[in-house]
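Just so it is clear: chains get the letters A, B, ... in the order the sequence lines come, proteins before strands, and each one is counted from 1.
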There are 2 protein chains.
Amino acid sequence: MRAILEAAERVLSRNPAATMEQIAEAAGVARTTVHRRFASREALVDAMAAWATRQFAEAMDAAHTDSTPPLVALYQATANVLRVKIDWGFAMSRALSDDPEVARVHSDVERRCEELFRRAQDAGVLRADVDVVWAKRVYYALCHEAAQDREGDPDAMATRLVDTLLRGVGAGQGL
Amino acid sequence: MRAILEAAERVLSRNPAATMEQIAEAAGVARTTVHRRFASREALVDAMAAWATRQFAEAMDAAHTDSTPPLVALYQATANVLRVKIDWGFAMSRALSDDPEVARVHSDVERRCEELFRRAQDAGVLRADVDVVWAKRVYYALCHEAAQDREGDPDAMATRLVDTLLRGVGAGQGL
DNA sequence: CGAACTTGCGTCATCGATGTTGCAGGTTCT
DNA sequence: AGAACCTGCAACATCGATGACGCAAGTTCG
């Protein structure tokens, strides 16, 4: 069950068009067994999305983004989310689920993330002259990029990521 | 011919698993006509990659990345590449072509990009304590993210992108 | 031991995408 | 007008993925 989901993530992250046969093989079971657990390919992907979304929400919960100082919460959330995203990159990229409960959890996480960025700007952690939406997009892009490194310490990755997000890579003399 | 390539880009960027039928429809021709031009689906995608790669190389050429000051070249290259990437995002993401000539052009662009970043670091535009490889990955990620905006002035987008890349979005007091 | 459950294997039906071909109608150039 | 060319349309064959069975063998409990 979990083994099939994990195998599916492993295979589909490398090749999104992989067949059920390949997924089954990676899970060490017969293809029919996969079909017994998940009525269709779509059902399997939905289950992956549901599982990843729950992990995602738990990662955000653990960071207490609404009660800790913005910068601390940002570090914590980043490290936690990276840990999940490294293992469930494919499932998280297809988070647009039909299941209303999954959609609710997902939009809830989205909301908390935006709220965190707003608080960060109010606290002076984010520059006042940058668009919060753009800042969030940059943050997401960096998380996605960082999660490509499958090896390495998530905490160190989070440190580098947040450092890059806030300070950039320039030497500072501007143009 | 060009119309088919452009239609394929339009359709495949929204849905990479789209059928030849959908591509043909978007191009306003019959499916058989597409098959007459491109022997197989793979041939079509290869042609798209070849076309996009050439556009990519021309965009870099026009920026004169090896003879202008690094910062100027960075702005120019960014704006030029964004213009191409907005219209050929799908084709550029699958730049791993079998055609040796395409592969050569692509690796040549890659080389020039790395050289530009090295020069930027030597000139003090990039911080000396950041890994050049990481900086390049961040830059690519930002280009990819920025290219999602289909409307808007590429020059303004490049300005914001380079500003974010070099200065980040933080207010500067650090942790 | 015996019942309930799960799994692997082989088989089968179906379906959609791909790629090919022949034919008829339309355009362009000479 | 005639030749060469391109296109749309319809039909066809093929192929791989999907999903559904039944059956035999294995396990886990009582």
Identify whether any heavy atom of A:Ser40 sits under 4.0 Å from a base atom; if not, whether one sits that close to sugar-phosphate; answer base, sugar-phosphate or nothing.
sugar-phosphate
Salt-bridge present ([X], [Y]; N to O < 4.0 Å):
X        : Y        : result
A:Asp61  : A:Arg112 : yes
A:Arg111 : A:Asp108 : yes
A:Glu110 : A:Lys136 : yes

Quick check: any donor-acceptor pair below 3.5 Å linking the side-chain of A:Arg41 to the base of D:dG19?
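Such a pair does not exist between side chain and base.
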Just wondering, are more than 12 heavy atoms of other shown residues or ligands nearer than 6.0 Å to NE2 in A:His144?
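Open.
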Given atom [atom1] of [X] and atom [atom2] of [N], what is their separation to the nearest angstrom?
X       : N      : atom1 : atom2 : value
B:Arg37 : D:dC5  : CZ    : C1'   : 10 Å
A:Ile23 : D:dG19 : CD1   : C1'   : 14 Å
A:His35 : D:dA17 : NE2   : C1'   : 9 Å
B:Arg36 : D:dC5  : CZ    : C1'   : 11 Å
A:Arg31 : D:dA17 : CZ    : P     : 9 Å

Does B:Thr33 place a side-chain N or O at less than 4.0 Å from the phosphate oxygens OP1/OP2 of D:dG8?
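Yes, because at least one side-chain N or O of B:Thr33 sits under 4.0 Å from OP1 or OP2 of D:dG8.
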Rounded distance (nearest 0.5 Å) linking atom CD of A:Gln76 with atom CG of A:Asp155
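That separation rounds to 7.5 Å.
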Using a 4.0 Å cut-off to any heavy atom of chain B, which nucleotides of DNA chain C are the first and last in contact, reading 5' to 3'?
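Extent of the interface on DNA chain C: C:dA17 to C:dG22.
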For A:Thr32 and for A:Glu21, find the nucleotide of DNA chain D with the closest heavy atom, then tell me which residue's nucleotide is more 5'.
A:Glu21
On the 0 to 90° scale, with breaks at 30° and 60°, tag the A:Trp51-A:Trp88 ring pair as parallel, tilted or perpendicular.
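Perpendicular: the ring planes of A:Trp51 and A:Trp88 meet at over 60°.
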Residue mapping more 5' on DNA chain C - nearest nucleotide basis, A:Val29 or B:Gln22
A:Val29
